[in-house]
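Before any comments, here is the structure.
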Amino acid sequence: MQTANLLPLVLVLAVVAYFLAHSRSRAVAEPIGGIRNLKSLPFYYAARASLWCAIPALLVLAAWAGFEAKVIQMIVIGSLPPELAPDSAGRASLLLSQISNIASGRLSPEFAPEGVVAAAELLETLRAQSKTFMTILVLLIAVLGASFAWTRVAPHINAREKVEKTLLRIFFVCAAIAILTTLGIVFSVIMETFRFFQQIPFWDFITGTSWSPQMALRADQVGAEGAFGVIPLFTGTLLISVIALLVAVPTGLLSAIYLSEYASKRVRSVAKPLLEMLAGVPTVVYGFFAALTVAPFIREFAEMIGLTASSQSALAAGLVMGIMIIPFISSLSDDVINAVPQTMRDGSLALGATQSETMKKVIFPAALPGIMGGILLAASRAIGETMIVVMAAGLAANLTVNPLDTVTTVTVQIVTLLVGDQEFDSPKTLSAFALGMLLFVVTLLLNVIALKVVRKYREQYD
């Protein structure tokens, strides 16, 4: 049985175990005077049986699915005759691909060596046997777990305590998985970044003003070793992000103030959903809007006033990106402003302050930590945006602060470097990991600064 079919079956068995244990707990409670004489409610006995049925079976299913392919591949490779045994990881990968294609019928075995055909037959047999054994084992463990929990339904057993301890362990494992995943991502990026800096000097990367990761074909070409200066990329990233924030922060913040303090309920009920709809528009749609409408308008307007503007510019990307992140600032700021206690408003108005003075001197300072969080979220979205920049700002890594010129960003270059078949030993591909690591460090510093600002004002107004 396939894993996708086995998983729902285990969940169905867990539901059956729940109802059987629930019925048994009620039956056990009748001779001793009812449910109130049990150590726990029937719900906890039923939940315990459901957990005993599902968790061990799902753990075995996950482990089997995770190691099945590796074990089968090792057995298949070990069955090959010595003359066909691969001598490298790349050769082994190609050979396994050929064997898998023959086993699945996508490749004819007529022209393949006899040992490869035998390995394909072995692969097909092992896959079938693995699915059979996995199905039997998982279902057996699920039934045994449910049976054990069913027999443990007794008045003296505190099922509530055991269920809560189990759930606590599950919550801990989920939190640990999230933390370990983050550490794994950071560790993998660090290792690839270290490999990149073994080939390209660190200071050339940090202080370089030219970005041309394409390796030259001839030694007499300019930049025969490639140019990996990151300054043009971060300049373009900051330029577009600043333009976007200059559009989004005033617009989003002022709209939040109006909707929360001045707008009527009818206006708010219409304007707020319409404003939040901007967050649901796909970024590719914003990219089309920037490339087909905003960028041509900026170029034509610049020509009217005697300026030269590129067909793709940082200004076009920044303006549209600013429109895109308005809902992030507006919605979060609106929620934060509404969360300020009404007593603070009433106290300010009672002392003779006007509504605008109350907003400036009481509500806005009290809501500033949440507003800063919204601005930080919007800045992170702007820094990480890719599609709008590709379509509206281009791919040229120009070192300029002119918003009318073509620029690119760090995230766009990461995507460009990792598209298609890549050699993960070349500086060109490894530079994507170095860019990702540097971007991670920069955003981490921004987070630390924002947290310090939030903590400072929270201590002042809490």
Side-chain angles (χ1 to χ4, degrees), residues 3 59 62-74 77 86 88-94 96-97 171-208 211-215 225-234 236-237 241 283 376-377 379-387 389-390 395 397 408-448 451:
T3 304
L59 289 176
W64 196 291
F67 293 100
E68 176 187 21
K70 294 289 185 182
V71 173
I72 291 178
Q73 289 176 5
M74 290 175 59
I77 291 296
S88 64
R91 172 64 180 167
S93 177
L94 292 174
L96 283 171
S97 178
F171 296 155
F172 174 78
V173 169
C174 292
I177 289 174
I179 295 173
L180 292 176
T181 301
T182 304
L183 293 177
I185 293 172
V186 173
F187 179 76
S188 62
V189 174
I190 289 176
M191 293 302 297
E192 299 299 326
T193 303
F194 179 73
R195 291 177 57 194
F196 171 74
F197 287 132
Q198 286 181 329
Q199 303 180 40
I200 304 297
F202 175 78
W203 288 112
D204 291 350
F205 178 74
I206 294 296
T207 61
W211 177 262
S212 180
Q214 291 77 15
M215 304 302 291
E225 298 298 326
F228 295 93
V230 78
I231 290 181
L233 304 186
F234 269 92
T237 301
S241 300
T283 55
L376 175 63
L377 178 62
S380 300
R381 179 69 186 271
I383 292 173
E385 178 55 39
T386 303
M387 186 58 66
V389 180
V390 170
L395 299 174
T408 190
T409 63
V410 174
T411 54
V412 169
Q413 288 301 311
I414 291 175
V415 173
T416 304
L417 292 168
L418 296 180
V419 168
D421 296 332
Q422 300 293 338
E423 180 72 29
F424 277 82
D425 290 330
S426 67
K428 176 182 176 181
T429 305
L430 293 176
S431 64
F433 297 95
L435 290 174
M437 191 65 209
L438 192 58
L439 188 62
F440 172 78
V441 172
V442 171
T443 53
L444 181 63
L445 292 176
L446 290 176
N447 279 320
V448 171
L451 287 175

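Taking OG1 of T443 as the reference point, atom CG of L376 lies at 9.5 Å (rounded to 0.5 Å). Interatomic distance, Q199 CD to F194 CZ, rounded to the nearest 0.5 Å: 11.5 Å. Rounding to the nearest 0.5 Å gives a distance of 9.5 Å between CD1 of I190 and CG of L183. With values rounded to the nearest 0.5 angstrom, S380 atom OG is found 13.0 Å from E385 atom CD. The CZ atom of F234 sits 5.5 Å away from atom CG of L439, with the distance rounded to the nearest 0.5 Å. Annotation: the span from M74 atom CE to L96 atom CG amounts to 11.5 Å, rounded to 0.5 Å.
S241 approaches I383 most closely through the heavy-atom pair OG-CG1, 3.6 Å. Across I206 and I231, no two heavy atoms sit closer than the pair O-CG1, 3.3 Å. The shortest non-hydrogen separation linking A434 to F196 is CB-CD2, 3.5 Å. Here the closest heavy-atom approach between residue I200 and residue P427 is recorded as CG1-CB, 4.2 Å.
The main-chain N or O of F433 is found under 3.5 Å from a side-chain atom of T193 such that the two form a donor-acceptor pair.
By the 4.5 Å heavy-atom criterion applied to side chains, S431 and L417 are counted as neighbours. Looking only at side-chain heavy atoms (C-beta outward), L435 and L233 come within less than 4.5 Å of each other. Contact annotation: the side chain of V230 approaches that of L438 to within less than 4.5 Å [non-hydrogen atoms, C-beta and beyond].
Checked against side-chain hydrogen bond (donor to acceptor under 3.5 Å, both in side chains), T408 has the following partners two or more places apart in sequence or in another chain: Q413.
For M437, the CE atom is densely surrounded, since the number of other residues' heavy atoms within 6.0 Å is greater than 12.
Centroid-to-centroid, the aromatic rings of F197 and F205 come within less than 6.0 Å.
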